[in-house]
Amino acid sequence: MVKSYLKFEPVKSFGLVATSSSNLVWTNKDRSGTGAGQAIVAANEEVLVWDIKKGELLGRWRDENSKAQVTAITQSKADPDLFAVGYEDGSIRLWDSKITTAVVNFNGHKSAVTILAFDKTGVRLASGGKDTDIIIWDLVAEVGQYKLRGHRDQVTGLRFVEPEPRIQGEGDDQTMVIDSETSEGFLLTTGKDALIKLWDLSSRHCIETHVAQTNGECWALGVSPDFSGCVTAGNDGEMKVWALDIAALASSAQHVDLSQTAKFLQDQGTLHRQSKDRAVEVIFHPRRDYFAVHGIEKSVEIWRIRTEVEIKKSVARKRKRRREKLAGTKGKRADDDVDMGEADDGTDGIAKADISDVFVQHVIVRTTGKVRSVAWATSSGNKDLQLLVGSTNNLLELYTIVGKGKDKTKSKAEAPDYNKALAVELPGHRTDIRSLAISSDDKMLASAANGSLKIWNIRTSACIRTFGCGYALCCAFLPGDKVVVVGTKEGELQLYDVNSAALLESVNAHEGSAIWSLQVHPDGKSVVSGGADKAAKFWDFKIVQEQVLGTTRTTPKLKLVPSRVLKVADDILSLRFSPDSKLLAVALLDSTVKVFFVDTLKLYLNLYGHKLPVLSMDISYDSKLIVTSSADKNIRIWGLDFGDCHKALFGHQDSILQVAFVPHNSDGNGHHFFSAGKDRAIKYWDADKFEQIQRIDGHHGEIWALAIGHNGRFLVSASHDKSVRVWEETDEQIFLEEEREREIEELYESTLNASLEADPDVADASGEVGAATKQTSETLMAGERIAEALELGATDLAAVREWEETKLASPHAAAAPPQRNTIFLALGGISAEQYVMSVLQKIKAAALHDALLVLPFASVPVLFTFLNLFAKRSMNMPLTCRILFFMLKTHHKQIVASRTMRGMLDAVRTNLRKALRKQKDEMGYNIAALRVVGMQMAESSVKGFVDENWDEEREEREGAAIKKRAFVHVS
C-alpha cells in the first residue's frame with residue numbers, strides 16, 4: 001500500500017502594513033466616513049486598503065494564481081474604483097475596488113513592471129518595465145496595442161500628455177486645433193539610461209530625445225497637472241526642470257511634415273536637493289503649486305513654484321544687491337550700470353529670472369523610516385497640505401504641512417512647519433521578526449524583533465499587545481501563557497506580562513553577550529539560555545514577595561533565579577531539551593552538537609558531520625531522533641541512542657535557518673519535521689523514510705522563524721518580507737510520486753516560459769515599435785485547444801458534407817445519419833462552427849493573439865473555412881474580424897503565395913461584406929432613431945435660462961488659473 005500524507009496549505013498572512021517593492025496610492029473615497037482617506041499599498045503579492053485614520057484594514061486584493069510581488073500601482077482618473085497593479089513577473093491586473101476582483105489580466109513584459117499610467121479617458125494604460133519596453137494597452141478591447149522600444153535601461157517615468165482641444169478664431173470661423181478622435185496624444189518617458197523621450201502615439205514613434213541627467217541615471221519623472229512642464233531627478237540630488245510647449249504639441253498633431261528643428265521640450269535649468277542620495281519619486285500636487293521629491297533616506301523635500309509677483313520681487317531684490325555691491329566697489333561706472341538695470345527692470349523681469357527664483361524649497365519633512373513612496377492627500381475639508389508617506393520599515397504616516405502664502409525667512413532654531421497627524425504602525429514590526437512562539441492552547445502567537453515584541457491572536461490575526469524591547473533573538477511563552485520571556489542581543493533575559501502589558505523583570509543573564517537560544521524545561525519550572533559567552537545557564541522561576549514602595553504591603557512577583565551553569569568550548573547557537581527531560585542538546589559555533597545529561601550535565605554524545613555551524617535543531621517527541629540544520633545547506637537526522645547519523649539530506653539552496661518536528665502526525669510517532677531557509681522555501685520531511693513530502697512556497701525573503709502548533713495541525717512562519725504566514729493541515733492527501741511529478745511539471749513550465757521569453761520575434765526586435773505579445777503556458781494551452789477544436793470541427797464538417805451529398809445523390813434511399821463526435825452530441829447536437837466559436841470565445845481577449853500564433857500554417861486553411869462560415873451566419877462579427885485581420889497580417893506572405901487560399905479569401909470577402917453591410921445598416925437606422933428621440937425630448941423639456949456672460953466669465957477664470965500654474969520660461 002502506498003503511503004499518503006496530508007497537505008499543508010496557506011490560510012492567512014498578517015503582520016504587514018506596506019512593502020517597499022511598490023509605490024502607494026492615496027484615494028479619497030471613504031466609505032467609513034472618517035475623512036482621512038484610504039491608502040492603497042502593496043503587501044508582497046497582495047494589495048491592501050488601509051483606513052488611515054482608524055488604522056483598520058478595509059480590503060485585501062489577491063489573485064490566487066499569482067505569487068509574484070506587486071511592483072507598481074496606479075488609479076484611473078476617469079473611474080476612481082479602477083486600479084492597475086503591476087507585478088514582478090511582468091503581468092498587469094486591473095482591479096475593481098468595489099468588488100475586490102481582478103477584471104482584466106495582461107501579460108506583455110518579460111520582467112517586473114516598474115511604472116503604470118492611465119490616460120485621462122481611462123481607456124488606455126501605459127506600462128514600463130525593467131525589460132526597457134513601454135506597452136500601450138487598450139482596456140476596452142482588452143488587448144495590448146503595441147510595444148515601444150527606445151530606452152536602453154529600465155523605464156523609470158511614464159506619463160500621458162494629452163493637450164485639451166482649444167478653440168481658435170471668433171464667431172463662425174472657430175476651428176479646433178486638435179481633434180481628440182484623430183490624435184491619440186503623446187507620451188513622456190524617462191529611463192535609467194538618463195534619457196527623456198517624447199513619443200507621438202498617433203504615428204507610434206519617438207519625436208524627441210534629450211539627456212535628462214548629466215550624472216548618469218534618471219530615476220524619477222514628475223509632470224505638472226497642466227502639462228506645462230516637468231521635473232526629472234537622478235543621482236547626487238540633481239533635478240532638471242523642463243518646459244513643455246503644449247500649444248506647439250497640440251498644433252503639431254494636425255501636421256504631417258514637422259520641422260526637424262522643432263523642440264517641444266526645453267531645458268530650463270538644474271535644481272539641487274539638500275540630500276545627495278538617489279531620487280525615487282517626484283510627485284506634483286494635483287491642485288496647488290507644490291511638488292514632493294524624495295530619495296532613499298529619511299526625508300521628503302517639498303518644493304514650491306512661486307507666482308509671477310514673487311519672481312519679479314526676487315529678481316528686483318537681486319538687482320538691488322548687485323547695484324549696491326557695484327556702487328561700493330566702483331564709482332561712476334556703477335551709476336551707469338544702475339541706470340541700465342533700472343531701464344531693464346519691469347516687463348522682462350521674469351524672462352531674466354534664474355530657475356532657482358522660480359522653484360524654492362518649502363520644507364523638508366523628516367520621517368521615521370527610510371521613504372519608499374509618497375502621495376498627496378487631497379481631502380476637500382482640509383486646507384493644509386497633507387502628505388502620505390510609505391516607509392521601507394513597514395510603516396504608513398500622514399504628515400500635515402502648514403502652507404505659507406509667501407516665502408518667509410526662517411531662523412534655524414525655528415520648528416519645522418509640519419507635524420505627523422496619523423500613522424498606521426501597530427499591525428506590524430518595524431524590523432525583521434527573529435523569533436516566534438505559540439501559546440500552549442494554540443490561540444496566541446508571540447513575535448519578537450529588534451525593538452519590539454508583539455502578541456497576536458492567531459484566529460483573528462489581530463495584534464493584542466505591543467512591548468518595547470531590546471534586539472530580540474529568541475522568545476518563549478512560560479507555563480500558563482501569561483508571561484513571555486525574551487532573550488536579547490545585549491545578553492538580557494526580559495519577562496513581559498501579557499495581561500498588564502508590563503515588563504516584569506530584566507536580568508543581565510550573559511553579561512553583554514548575545515543570547516542566541518532559550519528553551520523552557522518540559523516540566524515548566526525552569527528555563528535554559530545559551531549565548532555567545534560559551535555558557536548555558538539554567539534559571540528557576542520563583543515567586544518572590546516584594547514590598548510595595550511606601551507601604552508595608554507586599555505583592556507577589558515572578559523572578560528568574562540562576563541555578564546552574566554549563567561551560568562549553570565555543571559559542572552556543574541552539575539549545576534543545578528532549579521531551580522526556582533527560583537530555584540537553586547544545587549546538588556550538590565549531591559545527592558540532594553536544595548532548596548532555598540534564599541531571600548531571602555530563603557529556604553523553606558528540607555529533608560530528610556538519611561542515612558549517614548548526615543554526616537550528618529539534619528533538620522528536622518520542623526522544624529517539626534529533627534533526628540538525630546547518631549553514632552548509634544540509635539537514636542531518638541522528639539517533640539519540642548511539643549518536644549515529646541516519647541520513648544527510650541536501651535540504652535547501654541556501655543556509656537552513658530553522659527546523660522543527662511536528663508534535664503528532666497520522667503515524668503518532670512524531671517523526672515528520674519542517675525546515676526553512678534563506679532560499680525562501682519551507683519543506684516538509686519524513687524522518688523515517690528520509691523523503692521530502694511537500695515544498696511550500698509563498699515567502700519573498702529569507703525565513704527567520706518557524707513555530708508549529710501544539711496540536712500539530714498548523715505552522716507559523718516569519719520572514720524578511722515582514723509577513724507572518726499561517727499554514728494549516730488540510731484533508732487533501734498527497735502521494736510522494738505525484739508530488740515529484742508535479743514539481744517536475746512546474747520546473748518544465750518555468751523553463752518553457754524562460755525559453756519563450758528568451759527567443760523574441762526577430763522581425764521586430766530591432767524596430768522602435770513591436771507587437772505587445774508574450775507567450776505563456778496559458779497561451780500555449782489556449783492555442784492547443786484551438787488546434788484541437790479545428791481538427792474536430794473539420795472532421796465533423798467533412799462527415800456532414802458527405803452525408804448531405806449522399807442524400808442528394810439518392811433522395812429516396814434512407815441514408816444513415818453521420819457518425820459525429822460525442823462532444824457535439826453531449827453539447828446538445830451543436831454544429832461544428834458553433835463548437836469552434838465557443839472555444840474561441842472562451843479564450844481571454846488579451847491572450848487570443850498569442851494563442852493564434854501557436855497554430856501552424858497547416859491549420860490556417862481550416863481556420864479560414866470556419867471564418868467563412870462565421871461571416872456567412874453573422875456569428876460574433878467583432879471576434880471574427882479580429883481573428884481574420886490578425887491571421888492575414890501574420891501569415892500574409894504565405895497566404896498571398898498560396899493558390900488554394902485565393903478562392904477561400906474571395907468567399908470570405910463576399911460573406912463578410914454582406915454581414916458588415918447588414919450591421920452597418922442596422923446601426924445607421926438605430927442612430928437615426930436615437931437622434932429623433934433626442935430631438936423630441938429636447939422639444940418637450942423645459943428650456944434652461946443661462947446668464948449671457950457666464951461662458952466668458954468661466955473662460956477668464958480658467959485662463960487665470962492656467963496662467964498661475966504654468967511653468968515660467970526663463971532664459
Side-chain angles (χ1 to χ4, degrees), residues 22-23 25 70-79 82-87 90-95 103-151 153-163 180 183-193 195-209 212 218 220-225 227 230 232 244 249 253 264-265 281-284 768-774 846:
S22 167
N23 64 310
V25 172
V70 173
T71 53
I73 307 172
T74 190
Q75 184 181 19
S76 172
K77 300 180 187 72
D79 182 3
L82 191 66
F83 291 84
V85 180
Y87 293 83
S91 63
I92 300 165
R93 286 171 180 80
L94 291 182
W95 289 88
V103 288
V104 184
N105 191 348
F106 292 127
N107 263 302
H109 289 282
K110 295 183 183 69
S111 54
V113 178
T114 53
I115 192 149
L116 294 163
F118 280 99
D119 71 347
K120 65 181 177 185
T121 56
V123 298
R124 284 182 302 168
L125 175 72
S127 63
K130 281 189 176 177
D131 57 0
T132 75
D133 290 338
I134 299 153
I135 302 179
I136 309 297
W137 306 91
D138 185 344
L139 304 186
V140 178
E142 298 182 6
V143 294
Q145 290 185 320
Y146 49 88
K147 191 181 284 185
L148 298 172
R149 297 189 180 96
H151 286 288
D153 210 329
Q154 76 176 57
V155 181
T156 55
L158 193 70
R159 187 72 187 272
F160 278 98
V161 178
E162 297 167 291
S180 58
S183 173
E184 294 183 19
F186 302 87
L187 192 70
L188 196 62
T189 64
T190 55
K192 195 181 162 188
D193 55 3
L195 298 179
I196 180 168
K197 285 177 172 283
L198 186 63
W199 305 80
D200 185 347
L201 298 181
S202 301
S203 58
R204 299 178 184 179
H205 79 288
C206 179
I207 56 174
E208 207 168 314
T209 303
C218 178
L221 168 70
V223 181
S224 65
F227 304 116
C230 63
T232 58
L244 186 60
L249 207 58
F264 304 112
L265 274 171
E281 281 182 325
V282 177
I283 309 286
F284 274 83
E768 198 173 51
V769 182
T773 61
K774 182 188 176 186

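Distance alone, capped at 3.5 Å, is enough to place a donor-acceptor pair between the N23 side chain and the I73 backbone. Q75 places no side-chain N or O within donor-acceptor distance of the main-chain N or O of V25, the cut-off being under 3.5 Å. Between the side chain of R124 and the backbone N or O of E184, at least one donor-acceptor pair lies under 3.5 Å. In this structure, T114 contributes its side chain and T156 its backbone to no donor-acceptor pair below 3.5 Å. Of the possible polar contacts, none joining the S76 side chain to the G122 backbone as a donor-acceptor pair under 3.5 Å is found. Remark: side-chain polar atoms of E162 are not paired, donor with acceptor, to backbone N or O of D119 under 3.5 angstrom.
Atom-to-atom distance recorded for T232:OG1 and L195:CG is 11.0 Å, nearest 0.5 angstrom. Atom NZ of K130 is separated from atom CD1 of I115 by 13.5 Å, given to the nearest 0.5 angstrom. For the atom pair CG of D133 and OH of Y146, the computed distance is 13.5 Å after rounding to the nearest 0.5 Å.
Closest approach of L265 and E208 over heavy atoms only: N-OE2, 2.9 Å. Nearest heavy atoms, F160 versus F227: O-CE2, 3.3 Å. Nearest heavy atom pair, residue T209 against residue C206, reads OG1-SG, 3.2 Å. Of all the heavy atoms in V143 and F106, the pair that sits closest is N-CE2, 3.9 Å. For the residue pair S91 and V113, the shortest heavy atom distance occurs at O-CG2, 3.9 Å. A pairwise comparison of heavy atoms in D193 and D153 identifies N-CB, 3.7 Å as the closest pair.
Side-chain contact check for V103 versus L82: some heavy-atom pair is nearer than 4.5 Å. At a threshold of 4.5 Å between non-hydrogen side-chain atoms, the residues T190 and C230 do not count as touching. Side-chain contact check for V85 versus Y87: some heavy-atom pair is nearer than 4.5 Å. Between T189 and L148 there is no side-chain heavy-atom pair separated by less than 4.5 Å. By the 4.5 Å heavy-atom criterion applied to side chains, L94 and L125 are counted as neighbours.
For the side chain to side chain contact (heavy atoms under 4.5 Å, CB included) test with I92, the passing option among L116, V104, N105, I135 is L116; the others fail. When each of Q154, H109, K147 is checked for a side chain to side chain donor-acceptor pair (under 3.5 Å) with D131, only H109 meets the rule.
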